[in-house]
Amino acid sequence: MTVQNPHDHFFQQSFSRVHIARNYLEEYLPANILPLFDLTYLELQPDSFIDDELRQHQSDILYRTRLADDQEAYFYFLFEHKSYHDPFVPLQLLRYMVRIWAQQEKEQSSLQPIFPIVIHHGPRPWPATFTFTALFDIPPPLLPYLPTFEYHLTDLSYQSDEDIRGRIWLRVILAILRAIFNPHLRHELDDLMTLAFQLQQQPTGLDFIGTILYYLTRATGKVKATDLRQAVLKQGQQGENMMKTIAEQWLEEGRKQGREEGREEGREEGREEGQEKALQQVGWRLLHNFEAAQVSELMGVSLDKVISWQEQLNQQQAQDQVKKTQPPK
(Lines give C-alpha, C1' and ligand atoms only; values in the text may rest on other atoms or scores of the structure.)
Protein backbone atom coordinates (compact mmCIF):
# COMPACT_ATOMS: atom_id res chain seq x y z
CA MET A 1 0.00 0.00 0.00
CA THR A 2 1.36 3.46 -0.91
CA VAL A 3 0.91 5.90 1.95
CA GLN A 4 1.00 9.60 1.23
CA ASN A 5 3.75 11.40 3.11
CA PRO A 6 2.06 12.45 6.39
CA HIS A 7 3.59 15.95 6.34
CA ASP A 8 2.38 16.49 2.79
CA HIS A 9 -1.07 15.16 3.67
CA PHE A 10 -1.42 17.44 6.70
CA PHE A 11 -0.20 20.50 4.82
CA GLN A 12 -2.57 19.86 1.91
CA GLN A 13 -5.49 19.22 4.27
CA SER A 14 -4.69 22.48 6.07
CA PHE A 15 -3.60 25.10 3.55
CA SER A 16 -5.94 24.02 0.76
CA ARG A 17 -8.72 25.52 2.93
CA VAL A 18 -9.08 29.04 1.59
CA HIS A 19 -9.97 30.63 4.93
CA ILE A 20 -6.76 29.23 6.49
CA ALA A 21 -4.55 30.40 3.63
CA ARG A 22 -6.18 33.84 3.77
CA ASN A 23 -5.67 34.11 7.55
CA TYR A 24 -2.03 33.05 7.16
CA LEU A 25 -1.45 35.77 4.55
CA GLU A 26 -3.21 38.37 6.71
CA GLU A 27 -0.99 37.52 9.67
CA TYR A 28 2.38 36.74 8.08
CA LEU A 29 2.79 38.83 4.93
CA PRO A 30 5.14 41.81 5.42
CA ALA A 31 3.29 44.97 6.42
CA ASN A 32 4.33 46.79 3.24
CA ILE A 33 3.20 43.90 1.02
CA LEU A 34 -0.20 43.03 2.48
CA PRO A 35 -2.04 46.18 1.23
CA LEU A 36 -0.97 45.40 -2.35
CA PHE A 37 -3.23 42.31 -2.49
CA ASP A 38 -7.00 41.93 -2.49
CA LEU A 39 -7.37 38.86 -0.28
CA THR A 40 -11.14 38.77 -0.64
CA TYR A 41 -10.33 36.98 -3.89
CA LEU A 42 -8.31 33.83 -3.30
CA GLU A 43 -8.75 30.78 -5.51
CA LEU A 44 -6.98 27.45 -5.03
CA GLN A 45 -5.32 26.13 -8.19
CA PRO A 46 -5.23 22.37 -8.90
CA ASP A 47 -1.64 22.10 -10.13
CA SER A 48 1.54 20.95 -8.37
CA PHE A 49 4.98 21.84 -9.67
CA ILE A 50 7.18 19.73 -7.39
CA ASP A 51 9.76 17.40 -8.93
CA ASP A 52 8.93 13.74 -8.31
CA GLU A 53 12.23 13.09 -6.52
CA LEU A 54 11.53 15.94 -4.07
CA ARG A 55 7.97 15.00 -3.14
CA GLN A 56 9.21 13.15 -0.07
CA HIS A 57 10.51 16.44 1.34
CA GLN A 58 8.39 19.18 -0.21
CA SER A 59 4.75 20.04 -0.81
CA ASP A 60 3.29 22.95 -2.71
CA ILE A 61 0.03 24.83 -3.11
CA LEU A 62 -0.73 27.56 -5.63
CA TYR A 63 -3.38 30.25 -5.12
CA ARG A 64 -4.60 32.79 -7.64
CA THR A 65 -5.41 36.21 -6.25
CA ARG A 66 -5.65 39.85 -7.32
CA LEU A 67 -3.59 42.91 -6.70
CA ALA A 68 -5.31 46.02 -5.41
CA ASP A 69 -5.44 47.36 -8.99
CA ASP A 70 -7.40 44.23 -10.05
CA GLN A 71 -4.45 42.64 -11.87
CA GLU A 72 -4.13 38.89 -11.32
CA ALA A 73 -1.28 37.51 -9.21
CA TYR A 74 -0.30 34.25 -7.50
CA PHE A 75 0.82 33.03 -4.10
CA TYR A 76 3.05 29.98 -4.32
CA PHE A 77 3.39 28.06 -1.02
CA LEU A 78 6.37 25.71 -0.73
CA PHE A 79 6.24 23.59 2.41
CA GLU A 80 9.64 22.25 3.49
CA HIS A 81 9.49 19.21 5.76
CA LYS A 82 13.09 18.11 5.55
CA SER A 83 15.00 17.42 8.75
CA TYR A 84 17.95 19.34 7.27
CA HIS A 85 18.39 22.63 5.44
CA ASP A 86 18.60 22.45 1.66
CA PRO A 87 20.56 25.46 0.37
CA PHE A 88 19.14 24.95 -3.12
CA VAL A 89 15.56 25.84 -2.20
CA PRO A 90 15.85 29.17 -4.10
CA LEU A 91 16.83 27.23 -7.23
CA GLN A 92 13.90 24.85 -6.74
CA LEU A 93 11.57 27.82 -6.26
CA LEU A 94 12.83 29.44 -9.44
CA ARG A 95 12.25 26.19 -11.34
CA TYR A 96 8.67 25.94 -10.03
CA MET A 97 7.92 29.60 -10.75
CA VAL A 98 9.20 29.24 -14.33
CA ARG A 99 6.88 26.25 -14.76
CA ILE A 100 3.94 28.38 -13.67
CA TRP A 101 4.90 31.12 -16.11
CA ALA A 102 5.44 28.54 -18.88
CA GLN A 103 1.90 27.32 -18.27
CA GLN A 104 0.59 30.89 -18.56
CA GLU A 105 2.54 31.30 -21.79
CA LYS A 106 1.06 28.07 -23.13
CA GLU A 107 -2.40 29.38 -22.33
CA GLN A 108 -1.47 32.58 -24.19
CA SER A 109 -2.13 34.75 -21.17
CA SER A 110 0.09 37.52 -19.89
CA LEU A 111 2.62 36.58 -17.23
CA GLN A 112 1.42 37.26 -13.70
CA PRO A 113 3.57 38.08 -10.65
CA ILE A 114 4.20 35.24 -8.21
CA PHE A 115 4.82 35.82 -4.50
CA PRO A 116 6.89 32.83 -3.28
CA ILE A 117 6.42 31.65 0.31
CA VAL A 118 8.43 29.00 2.14
CA ILE A 119 7.01 27.42 5.31
CA HIS A 120 9.62 25.48 7.27
CA HIS A 121 9.12 23.40 10.42
CA GLY A 122 12.28 21.33 10.68
CA PRO A 123 14.12 20.80 13.97
CA ARG A 124 16.71 23.51 13.24
CA PRO A 125 16.22 27.19 12.29
CA TRP A 126 16.44 28.21 8.64
CA PRO A 127 19.62 30.08 7.66
CA ALA A 128 19.01 33.78 7.15
CA THR A 129 19.49 33.86 3.36
CA PHE A 130 16.34 34.33 1.30
CA THR A 131 17.70 35.36 -2.10
CA PHE A 132 18.54 33.42 -5.23
CA THR A 133 21.80 35.31 -5.76
CA ALA A 134 23.04 34.08 -2.34
CA LEU A 135 23.74 30.77 -4.08
CA PHE A 136 26.59 32.40 -6.01
CA ASP A 137 30.02 33.56 -4.91
CA ILE A 138 30.91 35.87 -7.80
CA PRO A 139 32.15 39.44 -8.31
CA PRO A 140 29.38 42.00 -7.67
CA PRO A 141 29.44 43.39 -11.24
CA LEU A 142 28.12 40.01 -12.47
CA LEU A 143 25.11 39.96 -10.12
CA PRO A 144 22.83 42.07 -12.39
CA TYR A 145 23.07 39.29 -14.98
CA LEU A 146 21.55 36.69 -12.66
CA PRO A 147 17.84 36.19 -11.84
CA THR A 148 17.11 38.17 -8.70
CA PHE A 149 14.26 37.39 -6.32
CA GLU A 150 13.54 36.80 -2.65
CA TYR A 151 11.08 34.48 -0.99
CA HIS A 152 9.06 35.09 2.15
CA LEU A 153 9.88 32.67 4.98
CA THR A 154 7.81 31.46 7.92
CA ASP A 155 10.18 29.44 10.10
CA LEU A 156 8.26 27.54 12.76
CA SER A 157 11.32 25.73 14.11
CA TYR A 158 12.12 28.32 16.78
CA GLN A 159 8.70 29.87 17.46
CA SER A 160 6.91 29.49 20.77
CA ASP A 161 3.15 29.13 21.17
CA GLU A 162 3.04 32.82 22.07
CA ASP A 163 4.67 33.70 18.72
CA ILE A 164 1.97 31.93 16.70
CA ARG A 165 -0.68 34.35 15.49
CA GLY A 166 -4.04 34.04 13.78
CA ARG A 167 -7.54 32.71 14.26
CA ILE A 168 -8.09 29.39 15.95
CA TRP A 169 -7.77 27.24 12.78
CA LEU A 170 -4.41 28.75 11.85
CA ARG A 171 -3.07 28.70 15.40
CA VAL A 172 -3.92 25.01 15.77
CA ILE A 173 -2.28 24.09 12.45
CA LEU A 174 0.90 26.08 13.06
CA ALA A 175 1.17 24.80 16.64
CA ILE A 176 0.96 21.20 15.39
CA LEU A 177 3.54 21.83 12.66
CA ARG A 178 5.85 23.56 15.14
CA ALA A 179 5.64 20.70 17.64
CA ILE A 180 5.88 17.69 15.33
CA PHE A 181 9.71 17.52 15.35
CA ASN A 182 10.04 18.37 19.04
CA PRO A 183 11.84 15.49 20.84
CA HIS A 184 9.59 16.16 23.82
CA LEU A 185 6.39 16.04 21.79
CA ARG A 186 4.63 13.54 24.05
CA HIS A 187 4.91 16.05 26.92
CA GLU A 188 3.16 18.69 24.79
CA LEU A 189 0.19 16.50 23.87
CA ASP A 190 -2.11 17.74 26.64
CA ASP A 191 -1.68 21.40 25.63
CA LEU A 192 -1.97 20.56 21.92
CA MET A 193 -5.19 18.62 22.48
CA THR A 194 -6.67 21.42 24.59
CA LEU A 195 -5.94 23.82 21.74
CA ALA A 196 -7.13 21.43 19.01
CA PHE A 197 -10.42 20.73 20.77
CA GLN A 198 -11.33 24.38 20.35
CA LEU A 199 -12.11 23.41 16.74
CA GLN A 200 -14.97 21.19 17.90
CA GLN A 201 -17.59 23.87 17.43
CA GLN A 202 -16.25 24.94 14.03
CA PRO A 203 -17.74 23.62 10.76
CA THR A 204 -15.76 20.47 9.76
CA GLY A 205 -13.71 20.93 12.94
CA LEU A 206 -14.48 17.42 14.16
CA ASP A 207 -13.13 15.88 10.96
CA PHE A 208 -10.01 17.99 11.20
CA ILE A 209 -9.28 16.89 14.77
CA GLY A 210 -9.23 13.36 13.35
CA THR A 211 -6.70 14.53 10.76
CA ILE A 212 -4.56 15.99 13.56
CA LEU A 213 -4.61 12.75 15.55
CA TYR A 214 -3.62 10.75 12.50
CA TYR A 215 -0.79 13.16 11.72
CA LEU A 216 0.59 13.14 15.27
CA THR A 217 0.94 9.36 15.28
CA ARG A 218 1.88 8.85 11.62
CA ALA A 219 4.48 11.59 11.17
CA THR A 220 6.73 10.81 14.12
CA GLY A 221 7.85 7.89 16.22
CA LYS A 222 7.82 10.09 19.31
CA VAL A 223 4.12 9.54 20.08
CA LYS A 224 2.53 6.19 20.86
CA ALA A 225 -1.14 5.49 20.30
CA THR A 226 -1.65 5.12 24.06
CA ASP A 227 -0.03 8.52 24.73
CA LEU A 228 -2.30 10.29 22.28
CA ARG A 229 -5.38 8.44 23.43
CA GLN A 230 -4.70 9.44 27.04
CA ALA A 231 -4.26 13.08 26.01
CA VAL A 232 -7.57 13.01 24.14
CA LEU A 233 -9.42 11.31 27.00
CA LYS A 234 -8.19 14.05 29.36
CA GLN A 235 -10.65 16.27 27.51
CA GLY A 236 -13.36 14.43 29.45
CA GLN A 237 -16.59 13.34 27.86
CA GLN A 238 -15.74 15.37 24.78
CA GLY A 239 -12.59 13.31 24.33
CA GLU A 240 -14.41 10.00 24.74
CA ASN A 241 -17.04 11.05 22.23
CA MET A 242 -14.32 12.22 19.87
CA MET A 243 -12.46 8.90 19.86
CA LYS A 244 -15.68 7.00 19.24
CA THR A 245 -16.84 9.38 16.51
CA ILE A 246 -13.47 9.31 14.73
CA ALA A 247 -13.44 5.50 14.78
CA GLU A 248 -16.97 5.38 13.36
CA GLN A 249 -16.07 7.88 10.62
CA TRP A 250 -12.98 5.93 9.61
CA LEU A 251 -14.95 2.69 9.56
CA GLU A 252 -17.62 4.19 7.33
CA GLU A 253 -14.97 5.66 5.01
CA GLY A 254 -13.36 2.22 4.81
CA ARG A 255 -16.64 0.51 4.00
CA LYS A 256 -17.36 3.05 1.28
CA GLN A 257 -13.87 2.67 -0.17
CA GLY A 258 -14.23 -1.11 -0.08
CA ARG A 259 -17.54 -0.95 -1.98
CA GLU A 260 -16.00 1.38 -4.59
CA GLU A 261 -12.90 -0.78 -5.06
CA GLY A 262 -15.08 -3.85 -5.25
CA ARG A 263 -17.20 -2.32 -8.00
CA GLU A 264 -14.05 -1.35 -9.91
CA GLU A 265 -12.69 -4.91 -9.67
CA GLY A 266 -15.92 -6.34 -11.08
CA ARG A 267 -15.26 -10.05 -10.53
CA GLU A 268 -16.44 -11.69 -7.31
CA GLU A 269 -12.91 -12.52 -6.17
CA GLY A 270 -11.87 -9.00 -7.13
CA ARG A 271 -14.66 -7.47 -5.06
CA GLU A 272 -13.64 -9.50 -2.04
CA GLU A 273 -10.01 -8.53 -2.50
CA GLY A 274 -10.87 -4.83 -2.83
CA GLN A 275 -13.06 -4.90 0.27
CA GLU A 276 -10.42 -6.77 2.27
CA LYS A 277 -7.77 -4.26 1.21
CA ALA A 278 -9.96 -1.34 2.28
CA LEU A 279 -10.69 -3.08 5.59
CA GLN A 280 -6.97 -3.48 6.22
CA GLN A 281 -6.35 0.20 5.47
CA VAL A 282 -8.98 1.20 8.04
CA GLY A 283 -7.38 -1.18 10.53
CA TRP A 284 -3.99 0.42 9.96
CA ARG A 285 -5.44 3.87 10.47
CA LEU A 286 -7.19 2.87 13.69
CA LEU A 287 -4.05 1.20 15.01
CA HIS A 288 -2.35 4.59 15.05
CA ASN A 289 -4.77 5.66 17.80
CA PHE A 290 -6.21 2.50 19.37
CA GLU A 291 -4.89 -0.72 20.87
CA ALA A 292 -5.26 -3.97 18.89
CA ALA A 293 -8.01 -5.31 21.16
CA GLN A 294 -9.96 -2.06 20.79
CA VAL A 295 -9.61 -2.17 16.99
CA SER A 296 -10.83 -5.78 16.99
CA GLU A 297 -13.91 -4.77 18.96
CA LEU A 298 -14.59 -1.62 16.93
CA MET A 299 -14.30 -3.39 13.58
CA GLY A 300 -15.82 -6.71 14.51
CA VAL A 301 -12.84 -8.71 13.23
CA SER A 302 -10.70 -11.29 15.01
CA LEU A 303 -7.86 -10.17 17.24
CA ASP A 304 -5.47 -12.43 15.28
CA LYS A 305 -6.26 -10.53 12.09
CA VAL A 306 -5.69 -7.17 13.79
CA ILE A 307 -2.37 -8.40 15.20
CA SER A 308 -1.28 -9.43 11.69
CA TRP A 309 -2.20 -5.94 10.47
CA GLN A 310 -0.15 -4.49 13.32
CA GLU A 311 2.88 -6.55 12.30
CA GLN A 312 2.58 -5.38 8.68
CA LEU A 313 2.17 -1.78 9.84
CA ASN A 314 5.29 -2.06 12.02
CA GLN A 315 7.26 -3.39 9.04
CA GLN A 316 6.10 -0.52 6.85
CA GLN A 317 6.96 2.06 9.52
CA ALA A 318 10.44 0.53 9.89
CA GLN A 319 10.94 0.79 6.12
CA ASP A 320 9.73 4.41 6.15
CA GLN A 321 12.17 5.19 8.97
CA VAL A 322 15.06 3.76 6.96
CA LYS A 323 14.09 5.95 4.00
CA LYS A 324 14.06 9.04 6.23
CA THR A 325 17.60 8.38 7.45
CA GLN A 326 19.03 7.93 3.98
CA PRO A 327 21.05 10.97 2.82
CA PRO A 328 19.62 13.01 -0.07
CA LYS A 329 20.66 12.02 -3.56
Side-chain angles (χ1 to χ4, degrees), residues 1-10 13 180 185-186 189 192-193 196-197 200 204 206-324:
M1 168 187 163
T2 301
V3 178
Q4 185 181 14
N5 183 288
H7 301 293
D8 173 74
H9 177 75
F10 187 70
Q13 288 288 313
I180 200 68
L185 175 58
R186 29 187 315 264
L189 289 178
L192 288 173
M193 287 302 99
F197 266 70
Q200 250 192 141
T204 72
L206 188 66
D207 291 340
F208 195 73
I209 294 175
T211 299
I212 290 171
L213 298 183
Y214 184 67
Y215 180 50
L216 284 170
T217 49
R218 184 69 184 87
T220 174
K222 302 179 183 71
V223 175
K224 297 179 180 178
T226 50
D227 297 328
L228 189 56
R229 183 175 175 82
Q230 288 173 4
V232 173
L233 293 179
K234 284 183 181 178
Q235 301 299 316
Q237 188 63 46
Q238 291 179 328
E240 292 183 19
N241 294 340
M242 174 66 66
M243 296 303 290
K244 182 178 178 181
T245 300
I246 289 170
E248 290 172 349
Q249 287 178 341
W250 290 348
L251 282 169
E252 181 54 36
E253 289 173 9
R255 295 188 188 102
K256 181 180 179 181
Q257 181 181 347
R259 289 193 294 268
E260 292 175 350
E261 291 187 4
R263 281 196 296 269
E264 290 175 2
E265 293 289 347
R267 304 183 312 277
E268 185 63 34
E269 60 271 22
R271 285 196 295 271
E272 292 178 1
E273 183 180 342
Q275 291 169 359
E276 179 63 26
K277 179 181 177 182
L279 191 69
Q280 181 190 49
Q281 291 174 0
V282 174
W284 282 1
R285 194 172 186 185
L286 288 170
L287 282 166
H288 286 296
N289 296 287
F290 298 89
E291 298 299 315
Q294 295 167 326
V295 175
S296 173
E297 181 179 350
L298 284 166
M299 298 185 67
V301 300
S302 70
L303 181 58
D304 288 343
K305 176 173 282 193
V306 176
I307 291 173
S308 72
W309 290 344
Q310 180 72 74
E311 292 171 349
Q312 294 172 45
L313 181 61
N314 291 342
Q315 291 175 0
Q316 179 183 292
Q317 289 176 327
Q319 292 170 359
D320 290 346
Q321 192 62 37
V322 170
K323 290 179 181 177
K324 289 180 183 178

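Keep in mind the model is a prediction, meaning the values are calculated, not measured. Heavy-atom basis, side chains included; hydrogens, waters and symmetry copies ignored.
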Checklist outcome for this item: Of all heavy-atom pairs linking Ile209 and Phe197, the shortest is CD1-CA, 4.0 Å
Checklist entry - How far does CH2 of Trp284 sit from CD of Gln316, to the nearest 0.5 angstrom? => result 5.0 Å
Checklist entry - Residues in side-chain hydrogen bond (donor to acceptor under 3.5 Å, both in side chains) with Gln238, at least two apart? => result none
Checklist entry - Given side chains that start at C-beta, do those of Lys305 and Gln280 come closer than 4.5 Å, heavy atoms only? => result no
Checklist entry - Who are the ring pair (Phe, Tyr, Trp, His ring centres under 6.0 Å) partners of Tyr215, not counting sequence neighbours? => result His7, Phe10
Checklist entry - Excluding sequence neighbours, so at least two apart, what forms side-chain hydrogen bond (donor to acceptor under 3.5 Å, both in side chains) with Gln13? => result none
Item to check | Partner residues of Asp227 under the side chain to side chain contact (heavy atoms under 4.5 Å, CB included) criterion, sequence neighbours left out | outcome: Arg186, Leu189, Val223, Lys224
Checklist entry - In chain order, what residues pass the side-chain hydrogen bond (donor to acceptor under 3.5 Å, both in side chains) check against Gln230, with sequence neighbours excluded? => result none
Item to check | Ser296 to Ser302 - nearest heavy-atom pair and separation | outcome: OG-C, 3.7 Å
Item to check | Separation between CG of Leu213 and CG of Leu192, rounded to the nearest 0.5 Å | outcome: 11.0 Å
Item to check | Residue list, side chain to side chain contact (heavy atoms under 4.5 Å, CB included) with Gln237, at least two apart or on another chain | outcome: Glu240, Asn241
Next on the checklist: Just to verify, what does Ser308 make a side-chain hydrogen bond (donor to acceptor under 3.5 Å, both in side chains) with, not counting sequence neighbours?
Outcome noted: none
Checklist entry - Given Ile212 and Met193, is the side chain to side chain contact (heavy atoms under 4.5 Å, CB included) satisfied, shown in steps? => result CA-CA 9 Å; Ile212 290 171; Met193 287 302 99; 4.2 Å; yes
Checklist entry - Of the non-hydrogen atoms in Ala219 and Pro6, which two are nearest, and what is the gap between them? => result CA-CG, 3.8 Å
